[in-house]
Amino acid sequence: MREWWVQVGLLAVPLLAAYLHIPPPQLSPALHSWKSSGKFFTYKGLRIFYQDSVGVVGSPEIVVLLHGFPTSSYDWYKIWEGLTLRFHRVIALDFLGFGFSDKPRPHHYSIFEQASIVEALLRHLGLQNRRVNLLSHDYGDIVAQELLYRFKQNRSGRLTIKSLCLSNGGIFPETHRPLLLQKLLKDGGLLSPILTRLMNFFVFSRGLTPVFGPYTRPSESELWDMWAGIRNNDGNLVIDSLLQYINQRKKFRRRWVGALASVTIPIHFIYGPLDPVNPYPEFLELYRKTLPRSTVSILDDHISHYPQLEDPMGFLNAYMGFINSF
């Protein structure tokens, strides 16, 4: 009789093979509606998903929303309607490798490419010569920094930025505290492809939930929406490639922090102070020292890394206070 562990192994192989090819979860009605109401444009042969809503008639104001890692433009859905009451155009995209956009592999994902995609989207919409307000979160903060650097160089084809509002992003490498799973995937080498294939909803939800405040954690259905966006187009298989932005941020710190430090446009930061990824007070002290002319909104003590989802009204009020101040 064969050893028991051989029998277990023979049984585990087909089960593991089936698991690794498990289809992505079905989209919830809300997420399906979000996708159906959006559009796609093509950037260098790659399909990029975006939302573009017309809001206040007669207003020239445009706001472009830049989402965080590892989620998508759907991060903004709780404040979307509120923004349309203030802006004429509200625009958001899923960065390459995120949400409903294409997720090529192998591919060298970079902040520079994501910034170029934002510029291409505005050209696609015929808005390349319009002044835009940027509102960003997490990963989107770094993309905004690159867009700001290009704007300051005054090169043709770059966005003309009217204002910038950042939120809970690791704009300073020295105060950023990535999650353990992010560290493993970023520097895992040959182990990374195995980890991305083994990632499932349980691992994802247990990893993401702690970056929310104790009273503002997402429901299971909200977590499933996030996971569905990641699993779309096998996005879990490119997470390790996307995470190279952490290394890029260290390498190009002078370029991106320098762009912020010498800013002349109105700039604001909305901060959830319970954020374990950008901890208080270290992050805020460095921010105020580096950008003394920037204004800051600190939300309630229990708000953490996803302020636009945890406290949408507080976030929206903070942003409107900033926009209406100039």
Side-chain angles (χ1 to χ4, degrees), residues 34-35 37-53 62-77 80 89-153 155-162 164-167 169-171 229-230 232-235 237-249 251-252 255-256 259:
W34 182 260
K35 182 180 181 181
S37 63
K39 299 178 181 177
F40 290 86
F41 85 104
T42 301
Y43 173 81
K44 296 185 177 180
L46 298 166
R47 278 164 45 93
I48 304 297
F49 175 83
Y50 69 95
Q51 288 278 359
D52 177 16
S53 291
I62 301 167
V63 62
V64 179
L65 313 177
L66 309 176
H67 69 81
F69 176 94
T71 43
S72 70
S73 60
Y74 193 60
D75 287 352
W76 304 108
Y77 81 98
W80 193 266
R89 298 281 287 275
V90 181
I91 300 165
L93 77 160
D94 288 352
F95 290 124
L96 185 68
F98 295 81
F100 298 121
S101 291
D102 280 352
K103 299 168 180 178
R105 66 179 199 276
H107 186 81
H108 176 67
Y109 291 90
S110 75
I111 295 297
F112 299 102
E113 181 179 43
Q114 306 287 20
S116 295
I117 290 172
V118 176
E119 292 172 335
L121 173 59
L122 272 291
R123 289 195 298 271
H124 172 75
L125 297 174
L127 301 174
Q128 66 271 27
N129 297 318
R130 299 282 297 276
R131 299 174 73 200
V132 301
N133 301 282
L134 293 181
L135 174 56
S136 61
H137 171 244
D138 187 67
Y139 182 94
D141 287 357
I142 316 302
V143 179
Q145 287 176 266
E146 172 58 21
L147 289 168
L148 183 62
Y149 176 85
R150 298 180 185 189
F151 167 64
K152 289 173 62 63
Q153 302 304 306
R155 298 173 185 169
S156 61
R158 305 310 187 191
L159 292 189
T160 301
I161 302 173
K162 181 179 182 180
L164 171 60
C165 181
L166 309 153
S167 62
I171 58 178
I230 292 170
N232 184 71
N233 292 333
D234 291 327
L237 302 183
V238 302
I239 284 180
D240 55 334
S241 299
L242 291 170
L243 276 168
Q244 296 311 307
Y245 84 90
I246 295 177
N247 295 329
Q248 294 166 23
R249 183 175 53 204
K251 181 177 181 180
F252 297 102
R255 175 187 179 106
W256 292 335

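In summary, the side chains of Q248 and S110 do not present any donor paired with an acceptor at a separation below 3.5 Å, with no hydrogens or angles considered. Between the side chains of H124 and E119, no donor N or O sits under 3.5 Å from an acceptor N or O.
Considering every non-hydrogen atom in both P70 and I230, the closest pair reads O-CG1, 3.3 Å. Nearest approach of Y43 to I48, heavy atoms of both residues: CB-CG1, 4.2 Å. Of all the heavy atoms in F40 and Y50, the pair that sits closest is C-CE2, 3.8 Å. R89 approaches L125 most closely through the heavy-atom pair NH2-CB, 4.1 Å. Taking every heavy atom of both residues into account, L164 and A144 meet most closely at CD1-CB, 3.7 Å. For Q51 against S37, the heavy-atom pair with the smallest separation is NE2-OG, 3.0 Å.
Residues L127 and I91 have side chains in contact (heavy-atom distance under 4.5 Å, counting atoms from C-beta outward). Using a 4.5 Å cut-off on side-chain heavy atoms (C-beta onward), L135 and W76 make contact. Side-chain contact between V143 and L134 is absent, with no heavy atoms from C-beta onward closer than 4.5 Å. Inter-residue side-chain proximity for L65 and D75 is flagged as unmet; no heavy-atom pair is nearer than 4.5 Å. At least one side-chain heavy atom of Q114 sits under 4.5 Å from a side-chain heavy atom of L96. Here the side chains of H67 and L93 are not in contact, with every heavy-atom distance at 4.5 Å or above. Looking at F252 and I111, their side chains never come closer than 4.5 Å, going by heavy atoms from C-beta outward. Residues I161 and R131 have side chains not in contact (no heavy-atom distance under 4.5 Å, counting atoms from C-beta outward).
Cation-pi geometry between R255 and Y149 is met: the NZ or CZ atom falls under 6.0 Å from the ring centre, inside 45° of the normal.
Distance check: L121 CG to S116 OG gives 12.5 Å after rounding to the nearest 0.5 Å. Separating the CG atom in D138 from the CG atom in L166 is a distance of 11.5 Å, to the nearest 0.5 Å. A distance of 14.5 Å separates CG in D102 from NZ in K44, rounded to the nearest 0.5 Å. Here the straight-line distance linking atom CD1 of I142 with atom CZ of F112 works out to 11.5 Å at 0.5 Å rounding. The CG atom of L46 sits 9.0 Å away from the OG atom of S101 when rounded to the nearest 0.5 Å. Interatomic distance, SG of C165 versus NE2 of H137, reported as 11.5 Å (0.5 Å rounding).
Formation of a donor-acceptor pair under 3.5 Å by the N133 side chain with backbone atoms of V63 is not found in this model. The main-chain N or O of L147 is never found under 3.5 Å from a side-chain atom of K152 such that the two would form a donor-acceptor pair. One N or O on the side chain of N232 and one on the backbone of G99 form a donor-acceptor pair closer than 3.5 Å. A donor-acceptor contact shorter than 3.5 Å links the side chain of Y109 to the backbone of P104. Between the D94 side chain and the S73 main chain, a donor and an acceptor come within less than 3.5 Å of each other.
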Check against side chain to side chain contact (heavy atoms under 4.5 Å, CB included), I239 and F69 = CA-CA 9 Å; I239 284 180; F69 176 94; 3.7 Å; yes
Derivation and outcome, salt bridge (charged side-chain N to carboxylate O under 4.0 Å, His left out), residues D52 and K39 = CA-CA 8 Å; D52 177 16; K39 299 178 181 177; 5.9 Å; no
Checking side chain to side chain contact (heavy atoms under 4.5 Å, CB included) for the pair V238/H107: CA distance, chi angles, key distance, verdict?
-> CA-CA 8 Å; V238 302; H107 186 81; over 6 Å; no
Where do L66 and V64 land on the side chain to side chain contact (heavy atoms under 4.5 Å, CB included) test, with the steps shown first?
-> CA-CA 7 Å; L66 309 176; V64 179; 4.1 Å; yes
Determine, stepwise, if the pair V132 / L122 fulfils side chain to side chain contact (heavy atoms under 4.5 Å, CB included).
-> CA-CA 10 Å; V132 301; L122 272 291; 4.1 Å; yes
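By the 30° and 60° cut-offs, the orientation of the rings of Y245 relative to Y139 is perpendicular. Between F95 and F98, the ring-plane angle classifies as perpendicular under the 30° and 60° cut-offs.
W80 and W34 have their aromatic ring centers within a separation under 6.0 angstrom.
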